[in-house]
Amino acid sequence: MNSSEWQKSSFSEAASNCVEVRAREGVIELRESDEGDVIVCTTPLRFANFLQAAKAGEFDHLIANA
């Protein structure tokens, strides 16, 4: 992914309450769609490590009551 356009998960449907991501100038940026002025930046490697951990279920305990 190397786009300045924000991308959201297909799991978010049409709702505006999701996390969006984009790659811009070698940095991965994340934001909440309803709080677009707050952007978190990270490296592609750290983002890949986070995604791997999320896929492995390491953060599932944080959404147990969701």
Side-chain angles (χ1 to χ4, degrees):
M1 181 170 101
N2 193 15
S3 172
S4 61
E5 292 188 31
W6 292 101
Q7 178 183 352
K8 67 179 180 176
S9 168
S10 60
F11 290 94
S12 297
E13 302 172 359
S16 63
N17 57 348
C18 59
V19 174
E20 299 174 318
V21 64
R22 72 178 176 184
R24 186 168 175 223
E25 299 177 9
V27 175
I28 302 296
E29 297 180 334
L30 298 114
R31 71 177 185 181
E32 292 188 25
S33 58
D34 59 349
E35 294 287 335
D37 57 334
V38 178
I39 298 173
V40 176
C41 300
T42 191
T43 66
L45 179 59
R46 287 181 179 168
F47 186 60
N49 290 340
F50 172 79
L51 289 178
Q52 185 177 12
K55 289 177 183 178
E58 289 186 31
F59 308 113
D60 288 356
H61 66 284
L62 298 173
I63 57 168
N65 296 323

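For clarity, every value in this text was computed on a predicted model and none was experimentally measured.
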Where R24 and E29 come nearest, the two heavy atoms and their spacing:
CD-OE1, 3.9 Å
Closest heavy-atom contact between V21 and I28?
CG2-CG2, 3.6 Å
Between atom CD of E32 and atom NZ of K8, what is the distance when rounded to the nearest 0.5 Å?
13.5 Å
Do you know the tightest heavy-atom contact between T42 and V27?
O-CG1, 3.4 Å
Out of curiosity, E5 CD to R22 CZ, how far, rounded to the nearest 0.5 Å?
9.5 Å
Of all heavy-atom pairs between G26 and P44, which one has the smallest distance, and what is that distance?
O-CD, 3.5 Å
Between A53 and F59, what is the shortest heavy-atom contact and its length?
CB-CE1, 3.7 Å
Would L62 end up clustered with F50 when hydrophobic side chains under 4.5 Å apart are linked, directly or stepwise?
yes
